[in-house]
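Only one structure is covered here, and it is reproduced in the block below.
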Amino acid sequence: MTGPARLTVLAGPTAVGKGTVSADIRQRYPSVWFSLSATTRPARPGEVDGVHYMFVSPERFDAMVADGEMLEWALVHGQHRYGTPRGPVDAQLARGVPVLLEIELQGARQVREKMPDARLVFLAPPSWDELVSRLVGRGTEDAAERERRLATARVEMAAEREFDHVVVNDDVRRATDEIVALMGVPVGPADGQAHAG
Ligand code: 5GP
């Protein structure tokens with residue numbers, strides 16, 4: 001690839017399955033580089049610092065924002081802050097590597113402001129009822145947290161029209177292939193092999 005690559009942002013409502021789609025992209029399309037977000041949220045069981053997130057203190061997060069290190073950042077569900085360190089993103093793009101940010105809506109809007117060239121992809125549920133059942137079915141949050149997330153999801157669903165592309169998450173592999181095709185990455189089982197070694 002010649003010249004800088006375009007940044008792609010994948011956003012969508014809570015529980016739409018961004019995490020599952022991201023995991024599928026990582027596994028089947030290793031040529032896509034995922035930004036590592038910083039967060040003030042404590043690690044969940046099984047999460048590893050430097051792999052899933054950079055888990056930082058609120059003070060460290062403040063310093064990163066003050067130093068202009070964040071491409072975007074947001075307070076999510078009114079609780080914890082999450083942000084994208086800009087340096088590594090710029091470096092990968094300059095090398096022509098396709099970069100994907102898996103972030104929420106407020107962050108997607110900031111990326112649009114700062115990098116008008118960025119491609120914004122909205123991952124949508126097949127229906128609102130399907131989204132609610134996925135949110136409840138996950139069972140990892142208590143009732144109050146679920147309500148908070150539903151409220152956030154309602155606002156996020158209304159933002160669909162701000163995005164360049166809408167991909168419906170009816171089937172993970174299909175949705176993944178549609179996203180990487182938008183990124184200009186060749187679709188198919190050969191990607192991992194082509195970049196091995
Ligand atoms: P979780 O706590 O479940 O890992 O993530 C909560 C939400 O934060 C998800 O919607 C996720 O997309 C979003 N998120 C993760 N990293 C970032 C980031 O760097 N910036 C923004 N704006 N949102 C993020």
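Quantities reported herein were computed from a predicted structural model and do not represent experimental measurements. In each ligand, atom 1 is the first atom listed, and ligand 1 is the first ligand listed.
In this structure, of Lys18, Met70, Arg81, the residue bringing a heavy atom nearest to atom 10 (O) of ligand 1 is Lys18. Among Leu10, Val76, Leu71, the residue whose heavy atom sits closest to atom 7 (C) of ligand 1 is Val76. With Glu104, Glu72, Arg41 as candidates, the residue nearest to atom 20 (N) of ligand 1 on a non-hydrogen basis is Glu72.
To the nearest 0.5 Å, atom CE of residue Met70 and atom CZ of residue Phe61 are 4.0 Å apart. Atom CD1 of Ile103 is separated from atom OG of Ser37 by 7.5 Å, given to the nearest 0.5 angstrom.
Put simply, part of Glu102 is less than 4.0 Å from ligand 1, judged by heavy atoms. Distances from ligand 1 to the non-hydrogen atoms of His80 include no value under 4.0 Å.
Linking Ile, Leu, Val, Met, Phe, Trp and Tyr whenever their side-chain heavy atoms come within less than 4.5 Å leaves Trp73 and Leu7 in two separate clusters. The same ILVMFWY cluster, assembled from side-chain heavy atoms under 4.5 Å apart, contains both Val167 and Phe34.
Between Arg109 and Glu162 there is a salt bridge, since a side-chain N of the basic residue sits under 4.0 Å from a carboxylate O of the acidic one. Between Arg173 and Asp177 there is no salt bridge, since none of the side-chain N atoms of the basic residue sits less than 4.0 Å from a carboxylate O of the acidic one.
Looking at Arg81 and Thr40, their side chains never bring a donor and an acceptor atom within 3.5 Å of each other.
Those atoms of ligand 1 with a heavy atom of Gly107 less than 4.0 angstrom away are 22 (N). Near Ala74, the atoms of ligand 1 lying under 4.0 angstrom from a non-hydrogen atom of the residue are 22 (N). Less than 4.0 angstrom separates some heavy atom of Thr84 from each of these atoms of ligand 1: 19 (O).
At least one test fails for Arg41 against the ring of Phe55: distance under 6.0 Å to the centre or angle within 45° of the axis.
The shortest N/O to N/O separation between Tyr53 and ligand 1 falls below 3.5 Å. In terms of polar-atom proximity, defined here as any N/O pair under 3.5 Å, Gly83 does make such a contact with ligand 1.
When non-hydrogen atoms are compared, ligand 1 lies under 4.0 Å from neither the backbone nor the side chain of Glu47.
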